[in-house]
Q: 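So that we are looking at the same thing, I have put the structure below in structure tokens.
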Amino acid sequence: MKKVLVLGGSRYFGRGVVERLRDAGADVTVLNRGSAPAPGGVAHLIADRDDEAGLKAALGSRSFDVVLDQICYTPVQTEIARRVLRTERYVMTSTIEVYDQVRAGTPMAESLVSSVPVDLGAASYDYGEGKRQAETVFAAGDTPFASVRVAHVLGGEDFTGRLRHYVERLDAGDAVDIHAEPRPSTFVHAREIADFLAWATLADFTGPVNAGSHGELSVLDLAAAISTKPRFRIVERDASPFSFDRYAVLDTSRAAGLGFSFSSTTAWLGEAIEDARKA
């Protein structure tokens with residue numbers, strides 16, 4: 001039985017990961033700020049991960065076989081975690097946005113983004129940059145480290161409202177704002193990324209791995225799946241979410257080589273759209 005600490009895990013697919021780890025027989029502890037109760041059958045610690053002293057107090061002398069960090073966004077948070085957490089392996093939930101500076105014409109492999117300069121004194125961090133720097137700090141440590149670069153998540157109890165934005169506008173006959181030449185990206189269902197993260201937590205690989213369903217999907221494809229007569233407005237800036245001006249498709253061959261098979265977007269996209277309609 002592996003002892004697993006999950007940082008976060010209170011909502012959306014993070015909660016699903018906790019439930020899957022518990023059901024797989026892991027000894028799971030969830031640590032978060034207590035905004036929601038943890039699923040039954042797991043231990044729950046309440047602390048702010050940015051408060052180093054409070055984090056130490058909450059954890060006490062506990063150690064773990066693996067930590068799954070769902071809520072690491074900056075290298076500063078990484079440094080605190082490295083100093084405080086006692087674990088044999090560390091897994092960080094990262095993002096497809098680590099590739100936001102990459103310009104490619106073919107699916108993006110993990111090797112396109114590795115170590116980057118780290119600034120521990122920045123006033124703030126853009127999402128992709130914060131994740132890149134956090135990955136860099138973890139990877140430089142002595143603890144075996146893996147990062148899961150998650151595609152855009154759809155379906156389930158999605159609190160972001162991004163897919164609902166499309167459904168509501170297109171169902172009402174309104175236009176969505178898109179780039180002049182929108183490019184495709186990679187998506188994944190909330191259920192499937194919970195499956196993958198639980199699997200990755202209990203595995204033993206290290207290094208970055210891309211995670212997403214098969215099948216390129218552009219904003220045009222997404223709109224066509226929602227409405228038979230979608231309307232668009234071309235904008236130069238502030239396009240709707242999921243409209244990309246660069247090719248942003250993940251190469252998931254490493255995940256396949258490690259033993260995990262992702263589904264196709266066509267297998268679940270309709271379900272995700274209906275979930276958004278009911279939300």
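We use all heavy atoms of the structure for the numbers below, so side chains are in, but hydrogens, waters and symmetry mates are not. Here the structure is a predicted model, which means the values were calculated and not measured.
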Q: Keeping the roles fixed (side chain from Asp158, backbone from Gly155), state whether a donor-acceptor pair exists under 3.5 Å.
A: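 Side chain of Asp158 to backbone of Gly155, a donor-acceptor pair under 3.5 Å: no, none is there.
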Q: Quick check: are there more than 12 heavy atoms from other residues, nucleotides or ligands sitting under 6.0 Å from CG of Asp204?
A: no
Q: Is the number of heavy atoms from other residues, nucleotides or ligands within 6.0 Å of CD (Glu271) greater than 12?
A: yes
Q: Considering only heavy atoms from C-beta outward, does the side chain of Leu163 approach that of Leu222 to under 4.5 Å?
A: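 Counting from C-beta outward, Leu163 and Leu222 do come under 4.5 Å.
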Q: Is a donor on one side and an acceptor on the other found under 3.5 Å between the side chain of Arg103 and the backbone of Asp100?
A: yes
Q: Among the clusters formed by ILVMFWY side chains lying less than 4.5 Å apart, do Val91 and Leu55 turn up in the same one?
A: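 No, Val91 does not connect to Leu55 through the hydrophobic network.
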Q: Does one hydrophobic cluster hold both Val150 and Val6, with members joined at side-chain heavy-atom distances below 4.5 Å?
A: yes
Q: Is it true that a side-chain atom of Arg164 and a backbone atom of Thr160 form a donor plus acceptor pair closer than 3.5 Å?
A: no
Q: Give a yes or no answer on whether the side chain of Ser264 reaches the backbone of Ala267 with a donor-acceptor pair at less than 3.5 Å.
A: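 Checked: no pair found.
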Q: Counting only N and O atoms by type, is there a donor-acceptor contact under 3.5 Å from the side chain of Glu192 to the main-chain atoms of Ser263?
A: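 Side chain of Glu192 to backbone of Ser263, a donor-acceptor pair under 3.5 Å: yes, one is there.
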Q: Would you call Asp195 and Phe260 a side-chain contact if the rule is heavy atoms closer than 4.5 Å?
A: yes
Q: Please check if atom CD in Glu274 has more than 12 non-hydrogen atoms from other residues, nucleotides or ligands closer than 6.0 Å.
A: yes
Q: Pairing donors with acceptors under 3.5 angstrom, does anything connect the side chains of Asn210 and Tyr99?
A: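 Yes - a donor-acceptor pair under 3.5 Å links their side chains.
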Q: Measure from the side-chain N and O atoms of Thr78 to the backbone N and O of Thr74, and report whether any donor-acceptor pair falls under 3.5 Å.
A: yes
Q: Within the 4.5 Å heavy-atom criterion, are Phe64 and Arg86 side-chain neighbours or not?
A: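 Phe64 does not reach Arg86 side chain to side chain.
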Q: Main chain of Ala223, side chain of Ser227: is a donor-acceptor contact present, judged purely on distance under 3.5 Å?
A: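 Checking the backbone N and O of Ala223 against the side chain of Ser227, no donor-acceptor pair under 3.5 Å is found.
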Q: Run the side-chain contact (heavy atoms from CB on, under 4.5 Å) check on Asp245 and Glu181 step by step: do they pass?
A: CA-CA 7 Å; Asp245 61 355; Glu181 297 182 8; over 6 Å; no
Q: Just wondering, are more than 12 heavy atoms of other shown residues or ligands nearer than 6.0 Å to CG in Asp126?
A: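 Not more than 12 within 6.0 Å, no.
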Q: Any sub-3.5 Å donor-acceptor pair from Arg82's side-chain atoms to Thr143's backbone N or O?
A: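 Between the backbone of Thr143 and the side chain of Arg82 there is no qualifying donor-acceptor contact (under 3.5 Å).
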Q: State whether the side chain of Arg49 and the backbone N or O of Ala81 hold a donor-acceptor pair below 3.5 Å, judged by distance alone.
A: no
Q: Quick one: sort the Phe187 and Phe242 rings into parallel, tilted or perpendicular, breaks at 30° and 60°.
A: perpendicular
Q: Validate the cation-pi geometry between Arg191 and Phe196: distance from NZ or CZ to the six-membered ring centre under 6.0 Å, angle to the ring axis within 45°.
A: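 Relative to the ring axis of Phe196, which defines the angle, Arg191 lies outside at least one limit.
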Q: Assess, by modelled atom type and distance only, whether the side chains of Arg33 and Ser35 contain a donor and an acceptor separated by less than 3.5 Å.
A: no
Q: State which residue, out of Ser115, Ser147, Ser114, fulfils the side-chain hydrogen bond (donor to acceptor under 3.5 Å, both in side chains) condition with Glu135.
A: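 For Glu135, the side-chain hydrogen bond (donor to acceptor under 3.5 Å, both in side chains) check succeeds only for Ser147.
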Q: Using a 4.5 Å cut-off on heavy atoms from C-beta on, say whether the side chain of Arg254 contacts that of Thr252.
A: no
Q: Aromatic contact between Tyr125 and Tyr73, with the criterion being ring centroids under 6.0 Å apart: yes or no?
A: no
Q: Where the side chain of Lys131 meets the backbone of Thr93, is there a donor-acceptor pair that is under 3.5 Å apart?
A: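 Pair found, side chain donor or acceptor close to backbone of Thr93.
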Q: Which pair of heavy atoms, one from Leu258 and one from Trp199, lies closest together, and at what distance?
A: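 Distance-wise, the nearest heavy atoms are O-CZ2, 3.4 Å.
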Q: Identify the heavy atoms of Ser213 and Thr186 that sit nearest to each other, and give their distance.
A: O-CG2, 3.6 Å
Q: Just by distance, with hydrogens left out, do Asp119 and Gln133 show a side-chain donor and acceptor under 3.5 Å apart?
A: no
Q: Counting C-beta onward and ignoring hydrogens, is there a side-chain heavy-atom pair between Val4 and Thr201 closer than 4.5 Å?
A: yes
Q: Could you see if Leu269 belongs to whatever hydrophobic cluster contains Leu250? Use Ile, Leu, Val, Met, Phe, Trp, Tyr and a side-chain cutoff under 4.5 Å.
A: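 No.
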Q: Compare all side-chain heavy atoms of Asp251 with those of Glu110 and state whether any distance is below 4.5 angstrom.
A: no
Q: Side chains of Arg89 and Asp65, heavy atoms from C-beta outward: is any pair under 4.5 Å?
A: no
Q: Could you walk me through whether His179 and Ser243 pass the side-chain hydrogen bond (donor to acceptor under 3.5 Å, both in side chains) test, one step at a time?
A: CA-CA 6 Å; His179 294 94; Ser243 179; 2.8 Å; yes
Q: In terms of hydrophobic clusters joined by side-chain contacts under 4.5 Å, are Ile80 and Ile71 together?
A: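 Ile80 and Ile71: one cluster.
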Q: side-chain hydrogen bond (donor to acceptor under 3.5 Å, both in side chains) for Glu216 and Ser185? Distances and angles first, verdict last.
A: CA-CA 6 Å; Glu216 300 180 358; Ser185 190; over 6 Å; no
Q: Is any side-chain heavy atom of Pro241 closer than 4.5 Å to one of His165?
A: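 A side-chain contact under 4.5 Å exists here.
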Q: Quick check: are there more than 12 heavy atoms from other residues, nucleotides or ligands sitting under 6.0 Å from CZ of Arg277?
A: yes
Q: Identify the residue among Val28, Val66, Asp27 that makes a side-chain contact (heavy atoms from CB on, under 4.5 Å) with Leu21.
A: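 Among the candidates, only Val28 passes.
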